[in-house]
Amino acid sequence: MTDNLRGALLMTGSMTAFTVNDAFMKLLSEDLPFFQLLFVRSVAVAVLIGVMAWRANAFARRLSPQDKKLVAIRSLAEIGAAYFFLNALFNLPIANVTAILQALPLTVALGAALVLREHVGWRRFLAIGIGFGGVLLIVRPTGDGFTLYSVYALLSVVCVTVRDLAARKLSRDVPSLLVALAAVLGVLAFSVVGAAFVEWQPMDGRDSVLMVFAVLAIIGGYLFSVMAMRVGEIGAVAPFRYTSLLAALVIGLLVFSEWPDMLTQIGALIVVATGLFTLWRERNTARKAPPGLRVR
């Protein structure tokens, strides 16, 4: 199995796992407050990933100062992503929120140009601009459907972009389990503060079962996302993010009886098309670069 195929499979698994987790969390939000949900899920995930990291001897790996900084940045970005995304998810249709997240290849390319000083040509900048136009069709900032939670969905994109850029810069020998554990511990610490100020609700058998499945799905999402961003060419791996939109459409229809309107569908198609073009240009440019020169 090539690195690109392995990365594509990992990205597909990550996006599907995250979307399944989103569905379970959205169902749980009907009965339980936000910070209680985040705390319970984070405790379970932290314990399971901690055991896995211990068994894999991940704690024996000493991180360089640069890697420690990147892990800290990634964990802070994970906290922001969890807060903004889940709040948006609980108050907006799952397909709409997931469609906004499809802008990630565009924002990662833009972030690579602005922060990592990687070269991005005018065609990709044009695609990024058109793609953001598609995002505006989805959120419609002047429409009746635009709310604070629409802004939260956009902010979650910013946070995930920072998270992925930080993961991309990590040394290859940093254990993925250690990175994932640091992220979930950050979210756990954040949820502890919030949970102290909400009135907890009892969890019945249905809630407990849904939480178990949510925990299993989010663990898969965490681990696969870290590994996917560190295996193969990003231009070959990143397009498989779009599997989350297919999963969200199916889950939204079957579980929540939701289907996005025509403008949202058009916006999602624009975002996906420009994202795929951006990734194709990136891969094409990298292939034409002289040996030993990494061009974005």
Side-chain angles (χ1 to χ4, degrees), residues 4-5 7-20 22-23 81 85 88-89 92-113 120-141 143 145 150 153-161 163-165 221 224-225 228-229 232-254 256 258-286 296:
N4 284 346
L5 179 56
L9 292 174
L10 288 169
M11 182 61 75
T12 300
S14 170
M15 293 300 101
T16 303
F18 275 130
T19 306
V20 170
D22 295 342
F85 177 77
L89 177 69
L92 297 173
I94 187 171
N96 290 40
V97 179
T98 305
I100 294 173
L101 284 185
Q102 305 315 302
L104 279 170
L106 305 175
T107 58
V108 169
L110 183 61
V120 175
W122 67 268
R123 294 179 182 84
R124 276 177 284 175
F125 270 120
L126 179 61
I128 289 170
I130 295 173
F132 287 148
V135 172
L136 291 178
L137 279 179
I138 300 170
V139 299
R140 274 163 275 172
S150 303
L154 295 174
L155 289 175
S156 71
V157 172
V158 175
C159 292
V160 176
T161 301
R163 184 195 72 184
D164 284 356
L165 289 174
F224 294 154
S225 68
M229 291 304 295
E233 302 171 15
I234 191 171
V237 173
F240 289 86
R241 287 184 182 277
Y242 297 121
T243 53
S244 65
L245 183 55
L246 297 176
L249 287 170
V250 173
I251 291 173
L253 180 62
L254 297 181
F256 301 103
E258 300 170 347
W259 188 258
D261 59 25
M262 184 59 67
L263 280 179
T264 299
Q265 293 178 50
I266 294 173
L269 286 174
I270 292 174
V271 171
V272 170
T274 52
L276 288 173
F277 173 80
T278 299
L279 295 168
W280 174 81
R281 282 292 303 172
E282 177 179 351
R283 191 176 185 184
N284 192 48
T285 303
R296 292 292 182 188

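The analysis underlying the following values was restricted to heavy atoms, covering all of them including side chains, and did not include hydrogens, waters or symmetry mates. Numbers here are sequence positions counted from 1.
Closest heavy-atom contact between Leu245 and Ala268: CD2-CB, 4.2 Å. Across all non-hydrogen atoms, the minimal contact from Thr274 to Gly131 is OG1-CA, 3.2 Å. Gly252 approaches Ile94 most closely through the heavy-atom pair CA-CG2, 3.7 Å. Leu101 approaches Ser156 most closely through the heavy-atom pair CD2-OG, 3.7 Å. Nearest heavy atoms, Ala248 versus Ala95: CB-CA, 4.1 Å. Annotation for Val271 and Ala99: closest pair CG1-O, 4.4 Å, computed over non-hydrogen atoms.
We find the OG1-CG distance between Thr98 and Asn96 to be 8.5 Å, quoted to the nearest 0.5 Å. Put simply, CG on Asp22 and CZ on Phe85 are 3.5 Å apart, with the number rounded to the nearest 0.5 Å. Atom CE of residue Met15 and atom CG of residue Leu246 lie 13.0 Å apart, to the nearest 0.5 angstrom.
Side-chain atoms of Ser14 never come within 3.5 Å of backbone atoms of Leu10 as a donor-acceptor pair (strictly under, hydrogens ignored).
Contacts classified as side chain to side chain donor-acceptor pair (under 3.5 Å) and involving residues 102-112 (residues at least two apart or in different chains) are given here: Gln102-Ser244, Thr107-Thr161. For residues 94-107, no pair satisfies salt bridge (charged side-chain N to carboxylate O under 4.0 Å, His left out), with sequence neighbours left out. For residues 92-106, no pair satisfies salt bridge (charged side-chain N to carboxylate O under 4.0 Å, His left out), with sequence neighbours left out.
Counting only heavy atoms from C-beta outward, the side chains of Trp259 and Gln265 approach each other to under 4.5 Å. Contact of the Pro260 side chain with the Leu249 side chain is registered, since non-hydrogen atoms from C-beta on lie closer than 4.5 Å. In this structure, the side chains of Leu110 and Phe132 come closer than 4.5 Å at one or more pairs of heavy atoms.
Under the side-chain contact (heavy atoms from CB on, under 4.5 Å) criterion, Ala81 pairs with Cys159, Val160, not counting sequence neighbours. With sequence neighbours left out, Ile266 forms a side-chain contact (heavy atoms from CB on, under 4.5 Å) with Leu137, Met262, Ile270. Residues that satisfy the side chain to side chain donor-acceptor pair (under 3.5 Å) test with Thr264, not counting sequence neighbours, are Arg140, Asp261.
Checking Leu136, Ile100, Ile138 one by one against Leu154, the side-chain contact (heavy atoms from CB on, under 4.5 Å) holds for a single residue, Ile100.
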